[in-house]
Amino acid sequence: MRRTTTRSGRERTGGERAALEAAYEECRRLVRATRPTEHALMALMPPSAQPVCWALYAAFGHADDLLDRSEEAPDERGRGLREWRAALEADLASGTSDDPIRLALTDAVWHWGLDLADLLAALDAVQRDDDRESVATWREWRERAHAQNVSWPEQLMRMLVRSGLPVPVRLRDLPGFTRFVEGLFLTDMLRDLPEDLDGGHVWLPTEVLDRFHVTPADLLSRRWTPAVQQLIAHLVGEARTWLESSRRALRATLPLGPAIVLDTTVDLFGAELDAILRAGPAVLRRQVRVPGHTRLRILGPARARAAVVWRLTLPQAATAPARTRTVDRTDGPLAEGPADPGLLTTTRITDPPLPPRPHRDGARPPEIAPAHLPHHVAIVMDGNGRWATRNGLPRDEGHRAGAVALRDVVQGALEIGLAHLTVYAFSTENWKRSPDEVSKLFAIMRAELLDGELLDHDVRLRWIGSPDGLPDDVVDVLRSQEHATRNRTGLTLNVCVNYGGRAELARAGASLARAALAGEVDPARVSEQLFAAHLPHHALPDVDLLWRTSGELRVSNFLPWHAHYAELHFTDQAWPDVDRQDLWHALETYTQRKRRKGGRVAE
Ligand code: FPP
């Protein structure tokens, strides 16, 4: 574990580091002892994410246990959880705790920028069980399942984004995700039946009990009647159908790493459902376990695949960024005046922006005098698809790895003090790709711009391109993040999305023609300056250096106006293999070029 600073940025003492390690280890032991299946699934996550999985799961498990204590009077149980939750909030505010579970959770929350409000709301949903006697309908059951269980997997996705893997964070918006949660929740409920019955609870919906003519008393007295048997068989079937159908829906949207975790989860929970069916009456009396050889058959290959996939798709030294406060764009000091009411996305940006993240091997930028640096570098980030194919991965994994490479290059641009960086993220020609690749690429960009680290730093985002044909949510994120970062003064990062150079020139031509027809422009006086003023992005400075990766020697309709005198730099490596040192090398090459621009070489 690398977390060596406290919330206030102070270096941890040796004792504090040991306490934190012990706290995470305590969470791991707890999860392993009480939930071996979930513990095994967490081992499929990237190593840097596992301690947070233990902390989150231990915290929710502990909250549940506080409510389930059958030996205590009901009001005592509720009070126990309320006090624990209040202590957690105080710990989260102070950044430390004397309780191991709360200490680990506090560290995880501030270090990875987890969504505190959302987590506390999920704990409150657990707390609400205290006032509940039973659950009447499937609808009520589903609401309870979602309120308690959607937040923490989303937090894990947020962490993956922060570790360098742009994945969708709002899982609840993905088709099939809530069904998946319901399948897990129902399996868990069947597995925990003996414990719940010990506590006097029947959490299955009354409507399904009625349908099978089973009363809560039948279950509480552990009577294994034919009706109870049919009820259990029906519920096992439901859980299995939900898990399998959600697997089919989610597989299409999740990147490879999370998809392996999803697949293995469905397989392992499916094995639990088999074991529940086989157990017969024992399902009411003791927790059913999946046989060791079945677990091994499912987990062995999954572990091997996950290790390879994370190695290929996550940056090597994926550590969490140190977090500062994130502010809503509508109330932070960066947002002046009212937010644009047309923007739907609530974006949060880091305030103040973080300093550049150091290179993973400690590489430092070369010394180049500011006057010799190019003012504007433009990049064709080419070779994502070929990189993926070479590594036996689907094409979207190449784009995902490409977004990770972009993160590092942006850090390098900030470190060396570059003013403008423009990247070609989606050209008007890219619509020729399969709809699946296109929609995954957009999802990657959205995740990156909303939850990735790019905008944690002093980066002002500008979008270059046309909204025509772009999905609304992509347009919305681009506009929201432009708006949220508009007062930043560090690097201006121009992202070309749905951009075509000739289309841009044609639009300038059309705008000039309209102005001429309106009598505002004399065609005889159209100069280069006047033409440039009619370009959609007239404030964009000329490109000094144009870099394309992956060995292609073309400029592909990229910034034809602005790059007219750009120095060209072509390199062989695929974009996902690039890091900030390659940018620095490109800048050094540029300083050695003699820029004549049609005249004599400057002395
Ligand atoms: C070209 O490689 C690359 C793209 C079309 C997409 C680039 C986009 C990213 C790296 C994500 C950027 C993210 C943000 C937030 C701006 P290719 O697929 O054409 O590769 P190939 O030539 O090998 O097929």
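Here, residue 1 is the first one in the sequence, and each next residue gets the next number. Quantities reported herein were computed from a predicted structural model and do not represent experimental measurements. Whatever order the structure lists them in is the order used to number ligands and atoms, beginning at 1.
- For the pair Asp382 and ligand 1, the shortest N or O to N or O distance falls below 3.5 Å.
- Closest heavy-atom approach to atom 18 (O) of ligand 1 within the set Glu429, Arg386, Arg433, Gln481: this belongs to Arg433.
- Of the protein's non-hydrogen atoms, Met381 CE, 3.8 Å is the one closest to atom 9 (C) of ligand 1.
- At a threshold of 4.0 Å, the pair Arg170-Glu154 does not count as salt-bridged, since none of the basic side-chain nitrogens sits closer than that to a carboxylate oxygen.
- No hydrogens or angles considered: nothing links the side chains of Arg460 and Thr489 as a donor-acceptor pair under 3.5 Å.
- The protein non-hydrogen atom at the shortest distance from atom 5 (C) of ligand 1 is Asn430 OD1, 3.7 Å.
- Of all the heavy atoms of Arg395, the ones lying under 4.0 Å from any atom of ligand 1 belong exclusively to the side chain.
- Polar contact with ligand 1: present for Asn384 (N/O pair, distance under 3.5 Å).
- With no hydrogens or angles considered, a side-chain donor-acceptor pair links Asn430 and Ser427 at under 3.5 Å.
- The closest approach between any non-hydrogen atom of Val495 and ligand 1 is below 4.0 Å.
- If you look at Trp561 and Phe531, their ring centroids are closer than 6.0 Å.
- Below 3.5 Å of separation, one finds no N or O of Tyr424 facing any N or O of ligand 1.
- Scanning all heavy atoms of the two residues, the minimum distance from Val543 to Leu545 falls at CG1-O, 3.4 Å.
- Scanning the protein for heavy atoms near atom 6 (C) of ligand 1, the closest one is Ala425 O, 3.3 Å.
- The shortest N or O to N or O distance between Leu441 and ligand 1 is not under 3.5 Å.
- Gln481 places a side-chain N or O within donor-acceptor distance of the main-chain N or O of Leu449, the cut-off being under 3.5 Å.
- Taking the six-membered ring where the residue is Trp, the centroids of Trp152 and Tyr57 are separated by under 6.0 Å.
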